[in-house]
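Letters A, B, ... are given to chains in the order of the sequence lines, protein chains preceding strands, and every chain is numbered from 1. A quick note: this is a predicted structure, and the numbers were derived from the prediction, not measured. The analysis underlying the following values was restricted to heavy atoms, covering all of them including side chains, and did not include hydrogens, waters or symmetry mates.
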Protein chains: 2
Amino acid sequence: MPRSPLPRRRATLASLAAELNVSRTTISNAYNRPDQLSAELRDRVLAAAKRLGYTGPDPVARSLRTRRAGAVGLVITEPLTYAFSDPAALEFVAGLAETCEEVGQGLLLVAVGPDPGGRGVEAVNSAGVDGFAVYAPAADDPCLLAAIDRRLPVVVVDQPRDLPGVSWVGIDDYRAMRELAEHVVGLGHTDIAVISMRLGDRSCDCPAQLVAEDRLRATEFHGQADRISAVRDAMADAGLDPSGLVMVEACRHVAESAAAAAEIALRANPRVTAIMCTADVLAIWVMDFLRGRGIYVPGQMTITGFDGIPEARNRGLTTVAQPNLEKGRRAGELLHHPPRSGQPVIEVLPTELIRGRTSGPPTG
Amino acid sequence: MPRSPLPRRRATLASLAAELNVSRTTISNAYNRPDQLSAELRDRVLAAAKRLGYTGPDPVARSLRTRRAGAVGLVITEPLTYAFSDPAALEFVAGLAETCEEVGQGLLLVAVGPDPGGRGVEAVNSAGVDGFAVYAPAADDPCLLAAIDRRLPVVVVDQPRDLPGVSWVGIDDYRAMRELAEHVVGLGHTDIAVISMRLGDRSCDCPAQLVAEDRLRATEFHGQADRISAVRDAMADAGLDPSGLVMVEACRHVAESAAAAAEIALRANPRVTAIMCTADVLAIWVMDFLRGRGIYVPGQMTITGFDGIPEARNRGLTTVAQPNLEKGRRAGELLHHPPRSGQPVIEVLPTELIRGRTSGPPTG
DNA sequence: GTGAAAGCGCTAACAG
DNA sequence: CTGTTAGCGCTTTCAC
């Protein structure tokens, strides 16, 4: 038998079989069913593999054959840089990653990119995965639709909630924000502003803007809308005029946008004594902005957040905590062990009101 | 032609071709080479695809055929939860992710898990990727070796640096830390401690421990060792006895471990006036610990970090900043466009000493 | 225990 | 512009 010192071409299962004069099945078994062949033969196979630089069955070919990719996909419809700047999102990813680690699956970050329409869909369609988690997309996001079309297990996180036949993991946004708003209203605030994340597509080119009634009604970000509605309802229930609520959206997920939103809110109604943000990062950015303006929290301004990220706790932010890590874990479990029934699962996680040091009664 | 209302089986390229009475090539072309067929035919194909629920060529089969997976793998040899708790690592990931986004590649987080020997290697071997970035592994980490054995483009990040034939991206740990140490020594400190990340495998069950001379020499974490050596050399050059340097390793990547390390350092030499940490997170945890002990920084204790994470800047930490995001970007570029020569690339990124508010002269 | 046969779903020449 | 021909590297019955 001629000895090939350095195989030019990558070794394959077939070439190994040829080298050893055994069938391909035997090589396959050596890797996948060690009990199906003698230990001695197996050792010979493994030795030859090492000699030829064969590192085991090609993952792609195996996936094609077994129809299992060994990874789940995570679709985040924001640019990854933004996503990575929100600890809440990060905690979710960590939770999801943990479950992947536990079951030995990979986690594929699907590169959606800034242009969601074109390449994002393509990326979703060409992801070699066994299922998708889609993180808080707009209800009409093309990537979300593409993921669903792949007909793999999908779990939608946070929003939209009402997709037929699709599993969902999230919280009760309305109830959580309602409780928080009642706390704020209960403190005696009558002039309130709410600052939300963007409510429309990414085409908006201003950093922040006032939210008109119909924009709120038409938004594809139901979670954000629910949180805003909760504030209005809490006001109405307390006998305040909900139409007085100043609504501003921070169009981009950066500090400048949040600052601009705060500025707009204060300008829209200078008597505002409480700013409720729909995310802790927003609240923190707003607080930084206020500090620059010499406005004290909570003395002159009550600030609330949403999410319960570590930094919020450190800074004593009044907020609603949601179990972000657990959300990731639940999503992972749903993906790794899809319900046999094929029925979608709706999983509402608990939230907890945290009365911090950033909320207090309004000052005359 | 019988019309199948709801195809039981997932539609394939072949079934679409049969349905339309065209060849498989034509279908393939409709997706991959739109210019190779008439617009009219292409529309018919796409329409039929939609009708049959065909979302385009199966990514796995395509990968097998084209020999390109469309994703790069990121191997982090720490449990993902730890990795996600270090902003420096996160920035690296963000940079890498950005480049993936730009070229439309996926980013596969390879689930190494807590047990690196067994399943970790398996995970690396079964990752369907076109290349690996391996983040700061021990020089003898089995996953690192496995990644290299896959014979795909590999770029090692931070350490180990001297792997033959493997690209590397990182900084000059020795020089960076040397400069920082000279700053500290220059302030007049003579009793110095250094707290490093773990230097051995994960089997150590204490939260922190003193580092013996031979452990330092034998560690597989060359980057950490270089940083420690730099401190000693700076001391020696200033006429101090480097053997007086208290060396402690925080065995786990958590606050408790850092606190324990600080405690050990202070007990080993109560006259210590400067604690140099090999990571900003360590420094921050140590500062939190000191605050609890009522020890003021920098009045009673000088603290330095390493990495230049945002929180370090916010807190005025004296540290060495390294371009973490850029590191991720460079790694990504190397993976997406491997040098045609096949020659490995060694990329040393610049660092910058940041004199913050946590270092000052020692108090008598 | 081991081997032979039959594809998984797709793309890349190369003819027409 | 369209079709034919050959696999990519592997797993999996099913016989032997």
Q: Quick one: list whatever passes salt bridge (Lys or Arg N to Asp or Glu O under 4.0 Å) with A:Arg330, sequence neighbours left out.
A: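 A:Arg330 satisfies salt bridge (Lys or Arg N to Asp or Glu O under 4.0 Å) with A:Glu333, A:Glu347 only.
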Q: Looking at B:Gln36 and B:Asn29, would you say the former's side chain and the latter's main chain have a donor-acceptor pair under 3.5 Å?
A: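 Answer holds: no.
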Q: Rounded to whole angstrom units, what separation is found between the CZ atom of B:Arg42 and the C1' atom of D:dT2?
A: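 Answer to the nearest Å: 16 Å.
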Q: From CG of A:Asp43 over to P of C:dG1, roughly how many Å is that when rounded to an integer?
A: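 Atom CG in A:Asp43 sits about 14 Å away from atom P in C:dG1.
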Q: What is the separation between atom CD on B:Glu40 and atom C1' on D:dT2, rounded to the nearest whole Å?
A: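 The distance from CD of B:Glu40 to C1' of D:dT2 comes to 14 Å, rounded to the nearest Å.
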Q: Without decimals, in angstroms, what is the distance between A:Leu13 CG and C:dG3 P?
A: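 One finds 12 Å between P of C:dG3 and CG of A:Leu13, rounded.
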Q: When rounded to the nearest 0.5 angstrom, what is the spacing between OG in A:Ser126 and CD in B:Gln105?
A: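 It is 9.0 Å, given to the nearest 0.5 Å.
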Q: When all nucleic acid strands are considered with a 4.0 Å heavy-atom cut-off, which category describes A:Thr26: base, sugar-phosphate, or nothing?
A: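 Here A:Thr26 touches the backbone only, sparing every base.
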Q: Please state how far atom CZ in A:Arg65 lies from atom P in D:dG7, giving the value in whole angstrom units.
A: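 Going from CZ in A:Arg65 over to P in D:dG7 covers 19 Å.
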Q: For C:dT11 and B:Arg62 - does any side-chain N or O of the residue sit under 4.0 Å from the phosphate oxygens OP1/OP2?
A: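 Affirmative; the distance criterion is met.
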Q: Give the residues of residues 28-38 of chain A touching DNA chain D, defined as any heavy atom closer than 4.0 Å, sorted by residue number.
A: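 By residue number: A:Ser28, A:Asn32, A:Arg33.
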Q: Could you tell me the separation between the CG atom of B:Leu64 and the C1' atom of D:dC8, rounded to a whole number of Å?
A: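 Value for this atom pair: 4 Å.
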Q: Of the nucleotides C:dA13, D:dC10, D:dG7, which has the atom closest to the B:Thr25 side chain?
A: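 Closest of the options to the side chain of B:Thr25: C:dA13.
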Q: For residues 29-75 of chain B, pull every pair meeting ring-ring contact (aromatic ring centres under 6.0 Å, His included), keeping only residues two or more places apart or in separate chains.
A: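 Counting only pairs at least two positions apart or across chains, the ring-ring contact (aromatic ring centres under 6.0 Å, His included) contacts touching residues 29-75 of chain B are B:Tyr31-B:Tyr54.
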Q: Looking at C:dC8, D:dC10, C:dT11, which one has an atom nearest to any side-chain atom of B:Arg24?
A: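 Selected nucleotide: C:dT11.
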Q: C:dG9 P sits how many Å from B:Arg68 CZ, rounded?
A: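 Nearest whole value for this atom pair: 22 Å.
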Q: For A:Val60, which contact category applies under a 4.0 Å heavy-atom criterion: base, sugar-phosphate, or nothing?
A: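 It contacts nothing in the nucleic acid.
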Q: Kindly point out which of D:dA6, D:dT12, D:dT2 is positioned nearest to the side chain of B:Leu41?
A: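 Minimum distance to the B:Leu41 side chain belongs to D:dT2.
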Q: Let me confirm one number: the CD-CD distance from A:Glu326 to A:Glu98, rounded to the nearest 0.5 Å.
A: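 Spacing of CD (A:Glu326) from CD (A:Glu98) equals 9.5 Å.
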Q: Using side-chain heavy atoms (C-beta onward) and a distance below 4.5 Å, is A:Val72 in contact with A:Leu74?
A: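 Not in contact.
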Q: If I take atom CG from residue B:Leu152 and atom CG from residue B:Leu335, how far apart are they, to the nearest 0.5 angstrom?
A: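 B:Leu152 CG to B:Leu335 CG: 9.5 Å, rounded to 0.5 Å.
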